[in-house]
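Worksheet: one structure, shown below.
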Amino acid sequence: MGQTVFIPRELDANEPRVAASPETVKRLVGLGFEVIVEKGAGFGSRITDQDFAAAGAAIGKAADASKADVVLKVRRPTDAELKGYKSGAAVIAIMDPYGNDAAVAAMAKAGITAFSMEFMPRITRAQVMDVLSSQANLAGYQAVIDAAAEYDRALPMMMTAAGTVPAAKTFIMGVGVAGLQAIATARRLGAVVTATDVRPAVKEQVQSLGAKFLAVEDEEFKAAETAGGYAKEMSKEYQAKQAALTAEHIAKQDIVITTALIPGRPAPKLVSAAMVASMKPGSVIVDLAVERGGNVEGAVAGKVVTTENGVKIVGHLNVPGRVAASASLLYAKNLYAFLETMVDKAAKELAIKRDDELVKATMLTDGGKVVHPNFAKAAEAPRTEPAAIPATIMVADTSDKPVAKKTAAKNPAAAKSPSSKSKGTA
């Protein structure tokens, strides 16, 4: 068929991941595509040009994007990259469209058919395409590794002739995919782990991993989840009790890891400056939501901050990218699995079925227009980024207008109001 798939080297200096692996290149060639990988694209993920070439790819340059029918990326294309794409090309990446209406409009103007992988519906058929889960899983793991690296003591309890080293106390806030992996990793390293979440249903998952679930488990909490899996708005009285319990618990912890992200909104503030000030010198907080404003007061994107009382707040950017060799392999498979559904196997050519539920959920732009319902008016009326909302269920909000939140969204693309969704980094 002569159709071409292009895999570029990511331009962001903080992005070592790549959108293909030797395995997926081999499979793409098997589908009938000519595959071109930009020279050096995989170096940050320990994949050499020779590895890609051995799998059947041609090693090219950035300008080769101009002849590509499909472009597979990690991050949304820049304006400079868009100028090099041919009109009608399918571009598949993590687009991060919320709050970036100008970038979405630019993709439409460039005439590309853009797909946002983070909008993949969470249905059985699409599990293998779920980039949020594949990358959040590694983020949860790396958060514990980063915490251990900053914590100047051993994590497991050690009994020696010279005395006993106590186990580190670790608290995970938010039990999505990242939170569950953080619990599992911290437990493997020997820490004493507790976790909290807005949903009563996750208690069993937390306990199955050997951690203790923390919440005010009164009658109101037991009825806090709707039949649809969403969290009900809690009363002021419950919020106050939960906030007091959380604040008291954080003061005793050695490590705190926060994972709460809300699509389309800045991250909710879960840990206040007063809570940070209550922690012991040498304690560590890892904020996995720092790129969206952070769950922790005082967190700084891209930095490790040490407070006046000696607490380290870790705000690394692109945490999955810190384990790029593993993250790229998973992400590449996510992309391949999605692209495969849009290939006519008999004709061996790209055949996008615009009525397919996966396509409808993830397609951002097509035919020169912004077509996703959440962003269709981006060009005419840019979306205003809402203010960060307080965590009104996990940690109390003392304002007069509590904000109701939903739990982990089953289908991020389908929700009409992003501000109503709440989930862990997943």
Side-chain angles (χ1 to χ4, degrees), residues 7-21 40-48 51 73-76 93-94 96 117-118 130-152 155 168 170-174 176-189 191 193 254-261 267 283-296 298-306 311-335 424-426:
I7 293 94
R9 179 175 58 84
E10 296 296 320
L11 298 182
D12 191 322
N14 293 316
E15 186 51 80
R17 291 174 293 178
V18 64
S21 68
F43 285 177
S45 297
R46 300 184 189 175
I47 305 174
T48 66
D51 292 333
K73 290 188 89 284
V74 178
R75 293 181 181 258
R76 182 182 63 245
I94 298 173
D96 186 26
M117 286 297 290
E118 62 266 53
D130 189 350
V131 299
L132 294 182
S133 291
S134 74
Q135 302 305 291
N137 192 49
L138 289 168
Y141 160 82
Q142 187 62 32
V144 177
I145 302 302
D146 287 337
E150 298 294 342
Y151 185 60
D152 59 358
L155 264 66
T170 301
F171 184 37
I172 313 298
M173 301 185 74
V177 174
L180 287 170
Q181 184 56 247
I183 292 170
T185 303
R187 286 286 297 141
R188 290 189 192 105
L189 292 177
V193 184
D254 300 302
I255 294 171
V256 174
I257 297 173
T258 66
T259 73
L261 285 173
S283 301
V284 177
I285 305 174
V286 178
D287 190 341
L288 283 181
V290 72
E291 291 181 71
R292 295 293 296 173
N295 298 142
V296 183
V300 178
K303 294 186 179 180
V304 177
V305 176
T306 302
V311 176
K312 290 183 178 181
I313 305 176
V314 180
H316 291 312
L317 296 171
N318 189 16
V319 177
R322 293 173 64 77
V323 278
S326 296
S328 292
L329 295 180
L330 298 181
Y331 180 68
K333 190 168 184 179
N334 294 145
L335 292 183
T425 308

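The first residue of the sequence shown is numbered 1, and numbering continues consecutively from there.
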Shortest non-hydrogen separation from [X] to [Y] and the atoms involved:
| X | Y | result |
| --- | --- | --- |
| A147 | V286 | CB-CG2, 3.7 Å |
| A267 | A260 | CB-O, 3.8 Å |
| V193 | A186 | CG2-CB, 3.6 Å |
| A20 | I7 | CB-CG1, 3.7 Å |
| I257 | A182 | CD1-CB, 4.5 Å |
| V290 | V300 | CG2-C, 3.8 Å |

Within a strict 4.5 Å, meaning less than it, do heavy atoms of the [X] and [Y] side chains meet?
| X | Y | result |
| --- | --- | --- |
| V18 | R9 | no |
| R17 | Q135 | yes |
| H316 | D146 | yes |
| P16 | N318 | yes |
| L132 | V177 | no |

Partner set under salt bridge (Lys or Arg N to Asp or Glu O under 4.0 Å) for K333, not counting sequence neighbours: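 Partners of K333 under the salt bridge (Lys or Arg N to Asp or Glu O under 4.0 Å) test: none.
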
For R75, enumerate each residue passing the salt bridge (Lys or Arg N to Asp or Glu O under 4.0 Å) test, keeping only those at least two apart in sequence or located in another chain.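 R75: salt bridge (Lys or Arg N to Asp or Glu O under 4.0 Å) contacts with D12, E15.
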
Side chain of [X], backbone of [Y]: donor and acceptor closer than 3.5 Å?
| X | Y | answer |
| --- | --- | --- |
| E118 | D96 | yes |
| S21 | L329 | no |
| D51 | T48 | yes |
| S134 | V131 | yes |
| Y141 | P320 | no |
| D254 | A168 | no |
| E150 | K312 | no |
| D287 | A299 | no |

Sequence-distant partners of F171, ring pair (Phe, Tyr, Trp, His ring centres under 6.0 Å), two or more places apart: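 H249.
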
Checking S45 now: which residues fulfil side chain to side chain donor-acceptor pair (under 3.5 Å) with it, not counting sequence neighbours?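 Side chain to side chain donor-acceptor pair (under 3.5 Å) check on S45 returns S328.
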
Once side chain to side chain donor-acceptor pair (under 3.5 Å) is applied, do any residues pair with S326, and if so which ones, sequence neighbours excluded?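 Partners of S326 by the side chain to side chain donor-acceptor pair (under 3.5 Å) criterion come out as none, since no residue qualifies.
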
Separation of K303 NZ from I313 CD1 (nearest 0.5 Å):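 The CD1 atom of I313 sits 13.0 Å away from the NZ atom of K303.
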
Could you tell me the separation between the OH atom of Y151 and the OG1 atom of T170, rounded to the nearest 0.5 Å?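 It is 8.0 Å, given to the nearest 0.5 Å.
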
Of all pairs that satisfy salt bridge (charged side-chain N to carboxylate O under 4.0 Å, His left out), the ones with a partner from residues 131-145, not counting sequence neighbours: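 Qualifying pairs, neighbours excluded: none.
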
